[in-house]
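Every chain is numbered from 1, with letters handed out A, B, ... down the list of sequences. Keep in mind it's a predicted model, so treat the numbers as computed, not measured.
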Amino acid sequence: MNSDQTFLIPVPSLFSFDECLWFLDRNYDDCLHVIKGKVLYKAVKIGAEPVLFSIEAESSFLKVTVLAGEASRENKDFLIAYIAEWFDMNRNIQPFYDLLKTDGQLAYMTETYEGFRLIGIYNIFEAICWCIVGQQINLSFAYKVKRRLVERYGEKVNYENESYYIFPDPEVLLQADLQELKSMQFSERKALYVIGIAKAFHEGTLDKEAIRMLPDFDSKVKVLTAHKGIGLWTANYALMKSLHESQAIPHGDIGLLQALANNGIIGDRSETDKIDALFSSFAGWESYLVFYLWRSLTVRI
DNA sequence: CTCCAGGGAAAGA
DNA sequence: TCTTTCCATGGA
């Protein structure tokens with residue numbers, strides 16, 4: 001491999017690439033990245049150019065290799081920022097660990113999941129579509145539906161007998177055929193939501209940077225939930241995963257409730273006062289608390 | 001067969 | 001404002 005196609009990103013303290021790989025490879029069939037051994041592959045669009053890259057750990061660095069597309073200075077700079085955002089590397093999570101260590105039931109997480117970071121979804125349109133696809137159905141089925149959508153409408157990079165898919169742009173999905181989406185086992189309503197959200201992004205009613213600039217968390221939620229298909233759960237999920245908001249709680253999330261029960265925080269799902277008390281003691285780190293609770297869920301195969 | 005999955009909108013009370 | 005119903009499908 002030509003050396004100028006490769007570069008290193010220093011990792012912060014309390015960062016584990018193995019935990020990144022664990023999260024991205026939980027026996028689910030995610031079509032938007034590939035893991036081979038301990039090497040992670042992903043394709044992204046930089047401007048109009050599809051770029052395929054790999055990431056692997058190398059001592060206290062991540063080694064990134066551009067496999068397809070230009071390894072220009074601009075593209076490398078984009079990838080450095082992209083990966084730092086994807087793995088939430090620019091955040092000091094020590095204060096979160098200090099809070100966890102004071103918690104009677106959750107202190108174990110600082111050791112068991114040491115260095116686990118909030119793995120993001122850079123593309124907020126993708127994050128919202130993923131939420132809509134996954135609403136109220138089991139995750140393995142949701143991943144199947146997402147794969148059908150991406151393989152039909154997304155671009156791909158072919159490299160060494162493997163296809164690496166990129167989530168389709170709003171401009172493509174807003175023209176998607178309703179009947180075709182239904183044939184991919186979208187419910188009619190979910191198909192209409194996805195098309196509607198695609199239109200909103202195309203028209204600029206929804207825009208990642210515009211939402212980021214809003215003055216407070218509640219107004220960001222309000223802008224998102226104004227659109228059909230985005231409820232409170234989806235808004236919080238998108239703000240957590242795509243804008244890396246620290247105070248997002250996907251209220252009512254079934255996995256979150258399960259994790260709270262597993263960890264002895266609640267006896268049953270009606271004990272909302274105990275949930276509120278826990279989250280208020282993690283003020284400013286609600287998103288990380290949710291993510292670590294999700295981390296503690298055992299994954300079905 | 002019934003119930004429920006990383007919800008949300010629309011209708012009904 | 002609160003509660004109920006429907007959605008699509010697969011697995012338990």
Side-chain angles (χ1 to χ4, degrees), chain A residues 22-32 113 116 118-121 123-149 152 167 176-200 206 220-245 247-263 265-266 268-270 272 275 278-279 286-301:
Chain A
W22 179 89
F23 181 82
L24 293 169
D25 195 23
R26 294 167 294 160
N27 296 310
Y28 290 125
D29 181 33
D30 196 321
C31 56
L32 293 174
Y113 311 134
F116 182 52
L118 201 164
I119 308 300
I121 299 175
N123 178 346
I124 192 171
F125 173 61
E126 172 194 328
I128 293 169
C129 290
W130 170 231
C131 286
I132 291 168
V133 167
Q135 283 167 7
Q136 192 55 20
I137 56 175
N138 67 76
L139 271 182
S140 51
F141 176 56
Y143 277 104
K144 282 184 199 168
V145 174
K146 178 170 114 172
R147 177 174 285 280
R148 291 186 193 125
L149 180 78
R152 166 64 181 85
F167 196 81
D177 180 64
L178 178 62
Q179 293 308 320
E180 190 168 13
L181 292 176
K182 287 175 74 173
S183 74
M184 297 173 184
Q185 296 178 292
F186 277 76
S187 65
E188 178 159 334
R189 196 165 307 165
K190 285 184 179 182
L192 292 170
Y193 291 161
V194 166
I195 294 169
I197 297 299
K199 281 183 182 151
L206 284 174
K220 296 173 188 183
V221 171
K222 201 166 286 181
V223 164
L224 286 163
T225 53
H227 296 265
K228 300 285 185 199
I230 305 180
L232 207 50
W233 179 85
T234 298
N236 275 279
Y237 184 94
L239 288 170
M240 170 196 295
K241 296 276 285 186
S242 194
L243 288 176
H244 291 261
E245 289 283 343
Q247 54 172 307
I249 306 171
H251 299 278
D253 180 274
I254 204 72
L256 175 60
L257 292 169
Q258 186 63 51
L260 288 166
N262 292 349
N263 283 281
I265 308 291
I266 56 173
D268 69 80
R269 295 174 184 180
S270 64
T272 52
I275 301 174
L278 178 69
F279 277 106
E286 293 92 336
S287 298
Y288 257 85
L289 180 58
V290 170
F291 216 64
Y292 269 63
L293 286 163
W294 280 341
R295 173 66 181 85
S296 73
L297 291 168
T298 49
V299 178
R300 290 190 293 284
I301 298 176

Whole-Å gap separating P (C:dT9) and CZ (A:Arg148):
9 Å

Return the nucleotide paired to B:dT2: Watson-Crick means purine N1 to pyrimidine N3 with N6-O4 or O6-N4, wobble means G-U with N1-O2 and O6-N3, both under 3.5 Å.
C:dA12

Any donor-acceptor pair under 3.5 Å between the side chain of A:Tyr237 and the base of B:dG6?
yes

Under 3.5 Å donor-acceptor, A:Asn236 side chain and A:Ile249 backbone:
yes

Nearest-nucleotide comparison on DNA chain B, the residue closer to the 5′ end among A:Ile254 and A:Ile230:
A:Ile254

Using the P atom in both, what is the distance from C:dT5 to B:dT2, to the nearest Å?
16 Å

Sticking with atom P, work out how far B:dG8 lies from C:dG10, rounded to a whole angstrom.
23 Å

Comparing nearest nucleotides in DNA chain C, the 5'-proximal residue of the pair A:Gln135, A:Ser140 is A:Gln135

Of the options B:dG6, B:dG8, B:dA5, whose atoms approach the side-chain atoms of A:Arg26 most closely?
B:dG6

Strictly below 4.0 Å, N to O, side chains only: are A:Asp29 and A:Lys146 in salt-bridge contact?
no

Which whole-number value in Å describes the distance from A:Tyr193 OH to B:dG7 C1'?
9 Å

Is A:Lys228 near enough to B:dA10 that one of its side-chain N or O atoms lies under 4.0 angstrom from OP1 or OP2?
yes

For the side chain of A:Arg269, counting heavy atoms from C-beta on, which of B:dA9, B:dA5, B:dG6 is nearest?
B:dA5

Sugar-phosphate only, base, or nothing, as touched by A:Leu232 at under 4.0 Å among non-hydrogen atoms:
sugar-phosphate

Of B:dA5, B:dA9, B:dG7, the nucleotide closest to the side chain of A:Asn138 is B:dA5

Atom-to-atom span, CD of A:Gln258 to C1' of B:dC4 - whole angstrom
12 Å

Spacing of A:Leu297 atom CG relative to B:dA5 atom P, expressed in whole Å:
12 Å

No-hydrogen, no-angle side-chain donor-acceptor test under 3.5 Å, A:Asn262 and A:Ser296
no

Without decimals, in angstroms, what is the distance between A:His227 NE2 and B:dG7 C1'?
18 Å

Nearest-Å distance, OH (A:Tyr28) to P (B:dG6)?
6 Å

Check the phosphate of C:dC6 against A:Ser187, side-chain N and O only, distance under 4.0 Å to OP1 or OP2. Yes or no?
no

Winner on side-chain proximity to A:Arg189, out of B:dG6, C:dG10, B:dG8, is B:dG8

The Watson-Crick or G-U wobble partner of B:dA11, with both key distances under 3.5 Å, is C:dT3

Indicate, with yes or no, if the rings of A:Phe186 and A:Tyr193 have centres closer together than 6.0 Å.
no

Whole-Å distance, A:Glu188 CD to C:dT9 P, equals 12 Å

When the C1' atoms of C:dC6 and B:dC3 are considered, how many whole Å apart are they?
16 Å

Distance between P atoms of B:dA5 and C:dC2 (Å, rounded):
24 Å

Backbone N or O of A:Val133 within a donor-acceptor pair of the A:Lys190 side chain at under 3.5 Å?
yes

When rounded to whole Å, the CD1 to C1' distance for the pair A:Ile128 and B:dG8 reads 14 Å

May I ask you to verify if any side-chain N or O of A:Gln185 is less than 4.0 angstrom from the OP1 or OP2 atom of C:dT9?
yes

Of all the nucleotides listed (B:dG6, C:dG10, B:dA5), which has the minimum atom distance to the side chain of A:Gln136?
B:dA5

Please check this pair: side chain of A:Lys182 against backbone of A:Ser187, looking for a donor-acceptor N/O pair closer than 3.5 Å.
no

